[in-house]
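Computed from a predicted structure; not experimentally measured. In this chain, residues are counted from 1 in sequence order.
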Amino acid sequence: MTLSDRVRIKDVRVLSDNWTVLKSTTFEYRRANGEWQTQHRETYERDNAAAVLPYSRAGRTVILVRQFRLPAYIRGYDDLLIEAAAGVLDDASPEERIRAETEEETGYRLHHVQKIFEAFMSPGAVTEKMHFFIAEYEPEMRVSDGGGLVHEGEDIEVLELSIDDALAMIADGRIVDAKTIMLLQHAALHIFR
């Protein structure tokens with residue numbers, strides 16, 4: 001039996017179609033004991049995205065960004081978020097999009113990006129799947145100041161941190177973004193051993 005044999009979509013309603021789409025879905029789910037149960041869920045329909053951690057093995061550094069995130073602020077986080085450069089795919093391949101996003105946000109034009117994994121970031125409510133990349137950088141790859149796109153509301157500060165400082169910032173709560181923590185942990189395990 002496949003999962004599609006256990007799910008029957010009964011009704012889908014669009015609740016909001018502003019920045020992205022919020023849907024309410026009524027469905028029947030066949031439980032492990034064979035009984036059908038009617039359930040209701042809301043899903044936030046986010047496009048897939050990509051994130052990258054530029055790193056310098058020789059310098060033992062990483063490039064991150066700092067920017068305002070309204071949902072974190074609403075939840076009481078009273079600081080700018082420190083994150084890996086990331087962006088929605090917008091119909092591009094993950095590799096194409098992450099190269100463009102990195103240049104927009106950090107000013108670095110990366111040559112080779114390596115995909116390390118994919119993950120659903122909040123599968124209980126959000127449809128977005130994140131593609132995770134790492135990429136070596138050199139100082140001469142910096143082609144602009146970065147900072148993001150003003151017309152998209154971005155006001156981004158570029159940070160070059162030692163891997164040790166970045167990992168310490170996870171421990172002390174200055175880095176609280178999941179994708180960034182995942183990338184930094186990967187780097188600690190596989191790059192900066």
Side-chain angles (χ1 to χ4, degrees), residues 46 48-89 94-95 97-126 128-150 152-193:
R46 290 269 305 163
N48 291 337
V52 67
L53 183 67
Y55 68 92
S56 168
R57 192 182 314 268
R60 293 189 52 80
T61 56
V62 295
I63 300 295
L64 298 174
V65 298
R66 185 181 352 234
Q67 63 184 319
F68 175 71
R69 293 295 194 183
L70 179 63
Y73 176 77
I74 289 170
R75 278 288 181 210
Y77 191 75
D78 194 25
D79 203 351
L80 301 176
L81 241 58
I82 298 173
E83 304 177 52
V88 175
L89 298 185
E95 293 81 2
R97 187 65 229 146
I98 201 55
R99 276 184 169 70
E101 198 70 33
T102 303
E103 192 168 329
E104 290 169 10
E105 292 188 4
T106 71
Y108 283 88
R109 185 171 293 151
L110 300 175
H111 300 297
H112 174 71
V113 295
Q114 177 188 347
K115 187 171 183 177
I116 52 174
F117 54 82
E118 300 173 7
F120 288 101
M121 298 303 292
S122 188
V126 181
E128 174 186 71
K129 182 174 19 172
M130 183 76 64
H131 300 262
F132 289 82
F133 293 86
I134 55 174
E136 283 202 73
Y137 77 93
E138 300 289 337
E140 59 272 8
M141 292 178 177
R142 189 134 195 214
V143 297
S144 74
D145 291 335
L149 302 176
V150 173
E152 290 184 2
E154 295 177 327
D155 184 18
I156 295 172
E157 177 185 353
V158 181
L159 305 173
E160 183 176 40
L161 302 170
S162 75
I163 186 63
D164 296 324
D165 287 347
L167 293 169
M169 293 167 88
I170 296 170
D172 70 19
R174 287 180 286 163
I175 294 179
V176 295
D177 174 66
K179 69 182 174 301
T180 306
I181 293 169
M182 293 165 74
L183 283 165
L184 288 169
Q185 291 295 333
H186 175 87
L189 290 170
H190 301 286
I191 299 169
F192 298 108
R193 293 186 263 174

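Contact check for Arg75 versus Arg69: no side-chain heavy atoms found under the 4.5 Å cut-off. You'll find the side chain of Met121 stays beyond 4.5 Å of the side chain of Val126, heavy atoms only. Taking 4.5 Å as the limit, every side-chain heavy atom of Phe132 sits out of range of all side-chain heavy atoms of His186. In this structure, the side chains of Glu160 and Ile63 come closer than 4.5 Å at one or more pairs of heavy atoms.
In terms of heavy atoms, Val62 sits closest to Leu184 at CG2-CD2, 4.1 Å. Counting all heavy atoms, side chain and backbone alike, Lys115 lies closest to Glu118 at NZ-OE2, 2.5 Å. Across every non-hydrogen atom of Asp145 and Arg142, the tightest pair is O-NH2, 3.1 Å. Closest approach of Thr61 and Phe192 over heavy atoms only: O-CZ, 3.8 Å. When all heavy atoms of Ala85 and Glu105 are compared, the closest pair comes out as CA-OE1, 3.2 Å. Contact record, Leu110 with Glu136: CD2-O, 4.1 Å, taken as the closest heavy-atom pair.
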- request: Output, in order, the C-alpha distance, side-chain angles, deciding distance and verdict of side-chain contact (heavy atoms from CB on, under 4.5 Å) for Ile170 and Gln185.
  value: CA-CA 10 Å; Ile170 296 170; Gln185 291 295 333; 4.0 Å; yes
Worked check of side-chain contact (heavy atoms from CB on, under 4.5 Å) between Asp177 and Ile82: CA-CA 7 Å; Asp177 174 66; Ile82 298 173; over 6 Å; no
- prompt: Could you go step by step and tell me if Leu64 and Ile175 meet the side-chain contact (heavy atoms from CB on, under 4.5 Å) rule?
  reply: CA-CA 10 Å; Leu64 298 174; Ile175 294 179; 3.9 Å; yes
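Atom CD1 in Ile163 sits 11.0 Å away from atom OG in Ser56 (nearest 0.5 Å). Separating the CZ atom in Arg66 from the CZ atom in Arg174 is a distance of 9.0 Å, to the nearest 0.5 Å. Annotation: the span from Ile116 atom CD1 to Phe133 atom CZ amounts to 9.5 Å, rounded to 0.5 Å. Thr180 OG1 to Met169 CE: the interatomic distance, rounded to the nearest 0.5 Å, is 10.5 Å.
No donor-acceptor pair closer than 3.5 Å links the side chain of Arg99 to the backbone N or O of Arg109. Remark: the backbone N or O of Ala49 is not paired with any side-chain donor or acceptor of Arg97 at under 3.5 angstrom. Proximity of a side-chain donor or acceptor of Ser162 to a complementary backbone N or O of Asp165 within less than 3.5 Å is detected.
Note on Lys179 versus Glu83: salt bridge recorded, some NZ/NE/NH1/NH2 to OD/OE distance being below 4.0 Å.
Ring pair Tyr137/Tyr108 is perpendicular by interplanar angle, where above 60° counts as perpendicular and below 30° as parallel.
With a 6.0 Å radius and a threshold of 12 heavy atoms from other residues, nucleotides or ligands, Asp155 has its CG atom at or below the threshold. Heavy-atom contacts from other residues, nucleotides or ligands closer than 6.0 Å to CZ of Phe117 number more than 12.
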